[in-house]
*Asks:* 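Dropping a structure here in structure tokens format, bear with me for questions.
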Amino acid sequence: MRRLLPAVLAALLLTGCATGTDAVVAGGGEFQFVAPGGQSRIRYEPAQRQKAPEIGGDSLLEQGKTIKVSDFGGKVVVLNLWGSWCAPCRDEVDDLERVYEQTKDSGVQFLGIDVRDEIRSAPADFVRDHKQTYPSIYDPPGRSLLGLRGYPRNAVPSTLVLDRQHRVAAVFLSKLTDSELLPVVQEIAAEK
């Protein structure tokens with residue numbers, strides 16, 4: 001059954017590309033991802049939001065240093081799953097950097113999570129070549145995401161936007177452009 005669940009979820013994700021706000025969140029204050037109707041872009045209203053688990057791991061560029069979401073208390077945190085092997089990740093990295101540069105002074109922190117890159121030098125070169133200024137966690141097996149119950153760790157690239165209380169406010173299970181991400185991040189950063 002556990003092997004069947006990722007396949008069913010992947011099929012649902014491939015069949016729907018609608019944006020919606022009717023995502024189901026369950027579980028006593030802890031975030032549990034569900035994609036109603038196979039949606040790949042989901043927004044959560046403040047009353048629907050659930051706290052993300054602690055996400056952290058080894059810094060990609062500063063080996064031995066741990067980075068975690070709780071390091072960015074009171075900030076909106078934009079988590080981006082990526083890999084140097086991923087063509088859509090190469091397409092979106094400049095867009096993500098532009099959004100980070102435009103929003104970091106309003107209390108926004110981006111944090112990449114590099115997955116499925118077995119040789120550390122490949123993603124490190126990727127970050128340097130693309131002049132990415134925000135940090136990334138080096139996590140080939142995706143263990144840092146285990147606490148995100150139901151979240152498809154194989155959806156790369158994907159992006160989660162956490163509000164200032166580190167509750168999940170938006171999920172994007174596909175490549176993003178700056179024009180798609182910027183207004184969402186600005187709106188969440190402007191919340192009281």
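No hydrogens, no waters, no symmetry mates; every other heavy atom, side chains included, goes into these values.
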*Asks:* Quick check against the 3.5 Å criterion: does Q48 have a side-chain atom that pairs as donor or acceptor with the backbone of E45?
*Replies:*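 The answer is yes, because a donor-acceptor pair under 3.5 Å joins these two groups.
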*Asks:* Is V78 close to L96 at the side-chain level, that is, under 4.5 Å between some pair of heavy atoms?
*Replies:*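 L96 does not reach V78 side chain to side chain.
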*Asks:* Nearest 0.5 angstrom please: I113 CD1 to S144 OG, how far?
*Replies:*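 So the CD1 of I113 and the OG of S144 are separated by 4.0 Å.
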*Asks:* Looking at D58 and R120, is any side-chain nitrogen of the basic one under 4.0 Å from a carboxylate oxygen of the acidic one?
*Replies:*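 Looking at D58 together with R120, the answer is yes, because their closest N to O distance falls below 4.0 Å.
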*Asks:* Which atom pair, heavy atoms only, marks the closest approach of Y44 to R49?
*Replies:*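 Taking Y44 first and R49 second, the nearest heavy atoms are O-NE, 3.0 Å.
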*Asks:* Work out which heavy atom in P157 is nearest to a heavy atom in C89; give both atom names and the distance.
*Replies:*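 Shortest heavy-atom separation between P157 and C89 comes out as CB-SG, 3.7 Å.
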*Asks:* Quick one: does any side-chain atom of D178 pair with a main-chain N or O of D95 as donor and acceptor, under 3.5 Å?
*Replies:*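 Checked: no pair found.
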*Asks:* With the threshold set at 4.0 Å, does a side-chain nitrogen-carboxylate oxygen contact exist between E187 and R43?
*Replies:*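 The answer is yes: the pair qualifies as a salt bridge.
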*Asks:* Which heavy-atom pair separates N154 from R116 by the least distance, and what is that distance?
*Replies:*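 Heavy atoms of N154 and R116 come nearest at CA-NH1, 3.8 Å.
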*Asks:* Do side-chain atoms of D163 reach the backbone of Q165 as a donor and acceptor pair under 3.5 angstrom?
*Replies:*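 Checked: pair present.
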*Asks:* Rounded to the nearest 0.5 Å, what's the gap from CD on Q50 to CZ on F33? Could you check?
*Replies:*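 Interatomic distance, Q50 CD to F33 CZ, rounded to 0.5 Å: 14.5 Å.
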*Asks:* Looking at R41 and F172, would you say the former's side chain and the latter's main chain have a donor-acceptor pair under 3.5 Å?
*Replies:*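 Checked: no pair found.
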*Asks:* Is a side-chain N or O of Y151 found less than 3.5 angstrom from the main chain of V34, in a donor-acceptor match?
*Replies:*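 No; zero donor-acceptor contacts below 3.5 Å.
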*Asks:* Calculate, to the nearest 0.5 Å, the distance between atoms CD and OG belonging to Q186 and S106 respectively.
*Replies:*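 With rounding to 0.5 Å, CD (Q186) is 7.5 Å from OG (S106).
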*Asks:* Please test W82 against V93 for side chain to side chain contact (heavy atoms under 4.5 Å, CB included), starting from the C-alpha separation and ending with a verdict.
*Replies:* CA-CA 9 Å; W82 66 277; V93 67; over 6 Å; no
*Asks:* Closest heavy-atom contact between V156 and C86?
*Replies:*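 Smallest interatomic distance, heavy atoms only, reads O-SG, 3.9 Å.
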*Asks:* Hey, any chance V69 and I67 share a hydrophobic cluster, counting ILVMFWY side chains that come within less than 4.5 Å of each other, even indirectly?
*Replies:*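 Yes, V69 connects to I67 through the hydrophobic network.
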*Asks:* Kindly indicate, with the supporting measurements, whether the criterion side chain to side chain contact (heavy atoms under 4.5 Å, CB included) is fulfilled by V171 and L173.
*Replies:* CA-CA 6 Å; V171 174; L173 298 174; 3.9 Å; yes
*Asks:* If we only count heavy atoms from C-beta on, is the L182 to R98 side-chain gap below 4.5 Å?
*Replies:*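 Result no, sub-4.5 Å side-chain heavy-atom pair not found.
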*Asks:* Hey, quick one: are L111 and V115 part of the same hydrophobic cluster, counting side-chain heavy atoms closer than 4.5 Å, chains of contacts allowed?
*Replies:*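 The answer is yes; both residues are in one hydrophobic cluster.
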*Asks:* If you measure from NZ on K68 to CG on D71, what distance do you get to the nearest 0.5 Å?
*Replies:*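 So the NZ of K68 and the CG of D71 are separated by 4.0 Å.
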*Asks:* Checking the side chain of K75 only, and the main-chain atoms of R164 only, is there a donor and an acceptor separated by less than 3.5 Å?
*Replies:*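 No; zero donor-acceptor contacts below 3.5 Å.
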*Asks:* Nearest heavy-atom pair of S84 and A122: which atoms, and what distance?
*Replies:*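 The answer is OG-CB, 3.6 Å.
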*Asks:* Which residue in the set T159, T177, N80 passes side-chain hydrogen bond (donor to acceptor under 3.5 Å, both in side chains) when paired with E92?
*Replies:*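 Single side-chain hydrogen bond (donor to acceptor under 3.5 Å, both in side chains) partner of E92 among T159, T177, N80: N80.
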*Asks:* Is there a path of hydrophobic side-chain contacts, each under 4.5 Å between heavy atoms, that joins V108 and V161?
*Replies:*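 Cluster IDs for V108 and V161 match.
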*Asks:* Determine, step by step, whether Q109 and V76 satisfy the side chain to side chain contact (heavy atoms under 4.5 Å, CB included) criterion, reporting the C-alpha distance in whole Å, the side-chain angles of both residues, the deciding distance to 0.1 Å, and the verdict.
*Replies:* CA-CA 6 Å; Q109 177 63 54; V76 170; over 6 Å; no
*Asks:* May I ask you to test the F126-D114 pair for a side-chain heavy-atom distance under 4.5 Å?
*Replies:*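 Contact flag for F126/D114 side chains = no.
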*Asks:* Could you pull out all residues at least two apart from Y134 that satisfy ring pair (Phe, Tyr, Trp, His ring centres under 6.0 Å)?
*Replies:*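 Checked Y134 against ring pair (Phe, Tyr, Trp, His ring centres under 6.0 Å); matches are Y100, F110.
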*Asks:* Distance check, rounded to the nearest 0.5 Å: K131 atom NZ versus E97 atom CD?
*Replies:*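 With rounding to 0.5 Å, NZ (K131) is 10.5 Å from CD (E97).
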*Asks:* Do you know the tightest heavy-atom contact between A35 and I42?
*Replies:*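 Taking A35 first and I42 second, the nearest heavy atoms are CA-CD1, 4.0 Å.
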*Asks:* Between Y138 and S59, is any pair of side-chain heavy atoms under 4.5 Å apart?
*Replies:*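 No, too far: nothing below the 4.5 Å cut-off.
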*Asks:* Once rounded to the nearest 0.5 Å, what's the spacing between atom CZ of R128 and atom OG of S121?
*Replies:*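 R128 atom CZ to S121 atom OG measures 9.0 Å (nearest 0.5 Å).
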*Asks:* Same cluster or not: are F72 and L148 linked, directly or through other Ile, Leu, Val, Met, Phe, Trp or Tyr residues, by side-chain heavy atoms under 4.5 angstrom apart?
*Replies:*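 Yes; L148 is reachable from F72 via cluster members.
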*Asks:* Do V168 and L162 pass the side chain to side chain contact (heavy atoms under 4.5 Å, CB included) test, and can you show the C-alpha distance, the side-chain angles, and the key distance before you say yes or no?
*Replies:* CA-CA 5 Å; V168 179; L162 310 181; 3.7 Å; yes
*Asks:* Quick one: do L176 and I188 end up in the same hydrophobic cluster if we chain Ile, Leu, Val, Met, Phe, Trp and Tyr together by side-chain heavy atoms under 4.5 Å apart?
*Replies:*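 Linked within one cluster.
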*Asks:* Is the shortest side-chain heavy-atom distance between L60 and I137 below 4.5 Å?
*Replies:*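 With C-beta onward as the side chain, the pair stays apart.
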